[in-house]
Number of protein chains: 2
Amino acid sequence: MSNIDLLKSNSLKATPQRLCVLDILEDCGHATLDDIQTITREKFPTLSISTIYRNLNEMIEKGIVSEIKITRKQHFEISKEKHLHLYCKECGKLEDFDFKTESFTKEIEKLANCKVLNDVVNLEIICEDCLKKHNK
Amino acid sequence: MSNIDLLKSNSLKATPQRLCVLDILEDCGHATLDDIQTITREKFPTLSISTIYRNLNEMIEKGIVSEIKITRKQHFEISKEKHLHLYCKECGKLEDFDFKTESFTKEIEKLANCKVLNDVVNLEIICEDCLKKHNK
DNA sequence: TTCTGTGCAAATCTTTTGCATGGCA
DNA sequence: TGCCATGCAAAAGATTTGCACAGAA
């Protein structure tokens with residue numbers, strides 16, 4: 001589904017500003033507010049920060065976009081299938097990792113008698129590259 | 001270990017203000033900044049918000065206190081053993097759940113060639129009570 | 001025309017800093 | 001005395017809101 005359809009199917013108009021934000025999230029995987037502001041400014045010098053906030057909040061409410069609460073600066077991404085976020089505390093890299101979390105969450109559901117909503121689990125790590133540096 | 005010793009062993013003076021914050025975290029399990037501010041005010045009407053921020057940041061740096069990044073308002077807790085946070089999106093309850101996350105994190109480490117640092121994994125859920133309400 | 005979305009500026013929070021004061025080793 | 005910690009006020013940042021205008025249905 002194109003980003004245009006994604007917006008329309010959530011009764012949001014496909015404005016250039018919204019598409020621009022979605023394109024950035026698609027290209028970068030995840031972006032902070034600063035990232036979004038910097039990149040959008042190149043295309044739309046007049047695009048206002050309040051529009052970014054407003055649109056992100058709307059798209060989060062509709063479930064099109066998700067917030068990633070792992071670093072102090074929050075990141076945003078286009079909502080997608082169950083996966084992991086691996087954030088390297090050493091080099092600051094934030095990556096998606098394709099991993100079905102079901103078997104983990106199903107176990108919790110059984111033990112705690114609850115329904116787990118997360119499609120995403122966030123983990124702080126030291127990444128492969130940084131581990132290699134340690135061993136040198 | 002008492003909170004006094006906890007502070008001293010991290011070369012922080014055990015001031016009444018710091019102890020008050022730690023007591024709150026101990027009593028509540030987790031508290032937001034608002035919680036901390038409201039409760040400390042009862043005991044120390046003059047305790048300033050900047051002192052709370054400064055102390056929390058220091059204690060986070062030393063690893064005595066951890067931030068919980070799950071809701072929009074961040075929560076704080078006294079650092080402890082590996083466990084889960086279950087946050088009910090419906091009623092807003094945030095609870096600890098005793099669950100060893102090792103088998104999950106070990107699997108990720110193998111697959112992604114990384115070291116997982118988390119002692120804590122955050123999950124958004126619908127809790128047992130709220131599920132019951134649905135079925136009525 | 002009627003809505004919805006945008007930009008700008010102002011208002012409101014949140015968080016951090018600078019500095020003078022106070023208390024404890 | 002010499003630190004370290006605090007309180008207060010100001011500064012800096014982040015986020016939201018009000019309003020008038022612009023553009024698409």
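Convention: sequence-line order gives letters A, B, ...; per-chain numbering from 1.
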Query raised in the report: Which residues, if any, of residues 53-74 of chain B bring a heavy atom under 4.0 Å of DNA chain D?
Result: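 Per residue number, the list reads B:Arg54, B:Asn55, B:Arg72.
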Requested in this report: Would you jot down, in residue-number order, the residues of residues 5-27 of chain A having a non-hydrogen atom under 4.0 Å from DNA chain C?
Outcome: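 Here the set is A:Lys13, A:Thr15, A:Gln17, A:Arg18.
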Query raised in the report: By a strict heavy-atom criterion of less than 4.0 Å, which residues belonging to residues 35-52 of chain A are in contact with DNA chain C?
Result: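 Output list: A:Thr46, A:Leu47, A:Ser48, A:Ser50, A:Thr51.
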Report task. Give the other cluster members for B:Val120, using side-chain heavy-atom distances under 4.5 Å between Ile, Leu, Val, Met, Phe, Trp and Tyr residues; answer none if it is isolated. Result ->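 Cluster partners of B:Val120: none, it stands alone.
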**Report entry** Residues clustering with B:Leu117 (ILVMFWY side chains joined when closer than 4.5 Å, directly or via others)
**Finding:**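 Other cluster members: A:Ile126, A:Leu131.
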Where [X] and [Y] come nearest, the two heavy atoms and their spacing:
| X | Y | answer |
| --- | --- | --- |
| B:Ile64 | B:Leu12 | CD1-CD1, 4.1 Å |
| B:Leu25 | B:Phe76 | CD2-O, 3.4 Å |
| B:Pro16 | B:Phe44 | CB-CZ, 3.5 Å |
| A:Ile52 | A:Leu33 | CG2-CD2, 4.1 Å |
| B:Ser79 | B:Gly63 | OG-O, 2.7 Å |
| B:Cys127 | B:Cys88 | N-SG, 3.4 Å |

Requested in this report: For the helix from C:dT1-D:dA25 to C:dA25-D:dT1, figure out the bend between the end axes, five pairs an end, and round to 10 degrees.
Outcome: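 Rounded value for the end-axis angle: 20°.
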Report task. Mind jotting down which residue pairs meet the salt bridge (Lys or Arg N to Asp or Glu O under 4.0 Å) criterion with at least one end in residues 5-34 of chain A? Sequence neighbours excluded, please. Result ->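 Those involving residues 5-34 of chain A are A:Arg18-A:Glu58, A:Asp34-A:Lys73.
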Query raised in the report: Is there any salt bridge (Lys or Arg N to Asp or Glu O under 4.0 Å) pair reaching into residues 80-93 of chain A, and which pairs are they, with sequence neighbours excluded?
Result: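 Counting only pairs at least two positions apart or across chains, the salt bridge (Lys or Arg N to Asp or Glu O under 4.0 Å) contacts touching residues 80-93 of chain A are A:Glu77-A:Lys80, A:Lys80-A:Asp96, A:Lys82-A:Asp119, A:Lys89-A:Glu124, A:Lys93-A:Asp129.
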Requested in this report: For side-chain contact (heavy atoms from CB on, under 4.5 Å), just list the numbers for A:Lys62 and A:Ser11, CA-CA rounded to whole Å, side-chain angles, deciding distance to a tenth of an Å, and then say yes or no.
Outcome: CA-CA 9 Å; A:Lys62 304 277 187 180; A:Ser11 48; 3.6 Å; yes
Requested in this report: If a pair satisfies ring pair (Phe, Tyr, Trp, His ring centres under 6.0 Å) and one of its residues is in residues 12-34 of chain B, list it, with sequence neighbours excluded.
Outcome: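 Found B:His30-B:His85.
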Report task. Extract, from 5' to 3' on DNA chain D, the first and final nucleotides lying under 4.0 angstrom from some heavy atom of chain B. Result ->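 Terminal contacting nucleotides, 5' to 3': D:dC4 to D:dT16.
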Query raised in the report: What about A:Ile78 and A:Ile36, same hydrophobic cluster or not, with Ile/Leu/Val/Met/Phe/Trp/Tyr joined at side-chain heavy-atom distances under 4.5 Å?
Result: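 A:Ile78 clusters together with A:Ile36.
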Would you tabulate the side-chain donor-acceptor contacts of residues 99-112 of chain B under 3.5 Å, counting partners in other chains and residues two or more places apart, or write 'none'?
{"from": "B:Thr105", "atom 1": "OG1", "to": "B:Thr101", "atom 2": "O", "distance (Å)": "3.3"}
{"from": "B:Thr105", "atom 1": "OG1", "to": "B:Glu102", "atom 2": "O", "distance (Å)": "3.1"}
{"from": "B:Glu109", "atom 1": "OE2", "to": "B:Val116", "atom 2": "N", "distance (Å)": "2.7"}

Query - All side chain to side chain contact (heavy atoms under 4.5 Å, CB included) counterparts of A:Ser9, not counting sequence neighbours - result: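 Applying side chain to side chain contact (heavy atoms under 4.5 Å, CB included) to A:Ser9 gives A:Met1.
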